[in-house]
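Working notes, beginning with the structure itself.
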Amino acid sequence: MGEEVKVFRTWSSPFAFRVVWALQFKGVPYENIYEDLSEKSSLLLHYNPIHKKVPVLVHNGKPLAESLVILEYIEETWKQTPLFPEDPYERATARFWARFGDDQVLPSVFGVFIKQGKEREEAIVTAHGNLKYLEEELRGKKFFSGEKIGFLDLAFGWVANLVSVFEEIQGLTLIDHEKYPLLLAWIQNFMDDPIIKESWPPRDKLITKYQALLGSFIPKEAAEK
Amino acid sequence: MAKSEVKLLGAWPSPFVMRPRIALNIKAVEYDFLEETFGSKSQLLLQSNPVHKKIPVLIHADKPICESLIIVQYIDEVWTSAPSILPSDPYDRAIQRFWAAYVDDKFFPTMRGISAAQGEEAKKAVVEQVAEALALLEEAFGKCSKGKAFFGGDRIGLLDIAFGSMLGWLRVTEKTNGLKLLDEAKTPGLAKWADRFCADAAVKGVMPETEKLAEFSKVLMAKMRGAPPPK
């Protein structure tokens with residue numbers, strides 16, 4: 001079958017990485033189409049008119065948006081190297097934590113990064129309240145998905161490449177050895193995986209990008225004081 | 001399967017609770033409906049959903065499953081013999097999941113925003129956003145249904161359940177604010193679909209009457225006004 005798989009993405013989007021990693025784990029050849037989000041291509045807007053965001057997967061001309069939806073599609077279309085648990089209860093649990101990650105953990109960690117003063121103190125409390133669930137979920141497991149990397153690990157991939165960037169820029173430690181020994185071990189194991197390593201955003205570029213992003217927030221913060 | 005093997009923690013007014021109830025009806029699965037008392041959370045709820053402390057929670061053979069759309073998919077995957085709730089084609093499944101997420105992430109908060117809007121201008125702006133969302137869903141209906149009765153085709157499926165469960169509150173919002181949101185003129189497909197959805201055997205018994213929901217809405221509003229301001 002003639003397969004044409006394209007991924008509309010940016011070099012840094014954590015949501016796009018999930019899609020790219022999933023395709024790589026399954027050995028599915030694809031083409032990267034890099035977008036400049038300040039000037040979105042007409043093709044991206046055509047394929048994702050609702051949200052106008054990356055990632056978008058286009059498979060034989062048919063577009064799909066929303067990374068978690070795309071991951072399920074990839075799993076159902078290319079059955080080699082299963083990424084989701086077979087058992088329906090375990091699958092429901094993985095889906096639950098993936099949503100929790102996107103709805104709660106990511107915004108709270110990002111909040112720690114961009115907020116200042118008292119607001120940041122509160123954000124840190126919220127972030128720890130969320131991160132502790134991740135630590136608990138790793139008990140007795142090497143990866144969130146068990147012995148091997150799976151769907152939930154890909155969903156949490158941003159923890160492995162972004163949190164330390166935020167920590168370095170702001171000079172704080174969120175994921176510390178005392179509270180999060182398992183999560184830190186997971187980060188290392190995740191990063192060391194050969195397939196993950198192949199598509200890993202360059203750290204220095206991430207630092208530059210997020211420093212610039214922070215700069216765009218600060219005037220607003222100052223104005224609100 | 002013994003009725004007590006399947007429990008659903010919920011409350012009759014919640015559109016999210018309605019979703020697994022419809023799914024269980026489609027699969028003809030008997031279950032214990034454990035209704036939460038308005039204003040308090042049971043020990044069982046707090047134990048079963050410690051992360052969010054929210055309904056619905058499905059408890060199947062003592063194992064809790066949370067988040068309404070996750071529960072519906074779980075039901076479809078466990079009870080495989082009865083009619084399917086998701087289509088079989090991966091692309092069609094993805095489209096249904098995409099729009100179901102849209103209902104939760106965009107449509108529902110916007111619809112809820114109508115009653116919360118302060119002043120005529122603000123309200124008009126939110127109503128306009130809801131109209132835009134409904135126009136998109138009308139288009140999605142055309143594509144998904146392919147001329148058939150429901151988003152899922154001949155029978156109701158995931159997206160019908162996700163969006164249809166919102167109809168009760170949509171009608172209450174129309175009534176309370178003197179609006180017509182689901183308009184036959186603007187969204188003819190959806191308007192007819194809504195009637196078919198509410199008349200479906202799996203839905204009829206669990207869709208609350210608009211009057212009853214409107215009364216409950218007043219109680220809810222009063223409680224929210226009386227409650228201490230959020231931090």
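Below, read A as the first sequence line, B as the second, and so on, with proteins coming before strands; counting in each chain starts at 1.
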**Asked** Name the one of D104(B), D160(B), D76(B) that satisfies salt bridge (charged side-chain N to carboxylate O under 4.0 Å, His left out) with R19(B)?
**Response** D104(B)
**Contacting moiety of Y133(A), where chain B heavy atoms sit under 4.5 Å** = side chain
**Request:** Tell me, for R97(B) versus chain A, whether the close heavy atoms (under 4.5 Å) come from the side chain, the backbone, both or neither.
**Result:** both
**Request:** Could you tell me which of V78(B), I71(B), D105(B) has the largest number of non-hydrogen atom pairs under 4.5 Å with chain A?
**Result:** D105(B)
**Message:** Quick check for you: among K62(A), R91(A), E75(A), which has the greatest number of heavy-atom pairs under 4.5 Å with chain B?
**Reply:** K62(A)
**Message:** Checking side-chain polar atoms at under 3.5 Å, does T110(B) have a donor or acceptor matched by the opposite partner on Q129(B)?
**Reply:** no
**Request:** State, without any angle test, whether Y74(B) and R95(A) hold a side-chain donor-acceptor pair at a distance under 3.5 Å.
**Result:** no
**Prompt:** Are H59(A) and Y73(A) close enough that a side-chain donor and a side-chain acceptor fall under 3.5 Å?
**Reply:** yes
**Message:** I'd like to know if the side chain of Q24(A) pairs up with that of Y30(A) as donor and acceptor (distance under 3.5 Å, no hydrogens or angles considered).
**Reply:** yes
**Message:** Quick check on the interface: out of E66(A), H51(A), E122(A), who has the most heavy-atom pairs with chain B under 4.5 Å?
**Reply:** H51(A)
**Request:** Output the option from A100(B), P64(B), C66(B), A101(B) having the highest count of non-hydrogen pairs under 4.5 Å with chain A.
**Result:** P64(B)
**Request:** Below 4.5 Å from any heavy atom of chain B, which atoms of I70(A) appear? Answer side chain, backbone, both or neither.
**Result:** neither
**Asked** So, is the end of the K223(B) side chain (NZ or CZ) under 6.0 Å from the ring centre of F38(B) and within 45° of the ring's axis?
**Response** yes
**Message:** Quick check on the interface: out of E67(B), H52(B), K63(B), who has the most heavy-atom pairs with chain A under 4.5 Å?
**Reply:** K63(B)
**Request:** Go through the atoms of Q104(A) and report whether side chain, backbone, both or neither lie under 4.5 Å from a heavy atom of chain B.
**Result:** side chain
**Prompt:** Side-chain donor-acceptor pair under 3.5 Å between W21(A) and D153(A), yes or no?
**Reply:** no
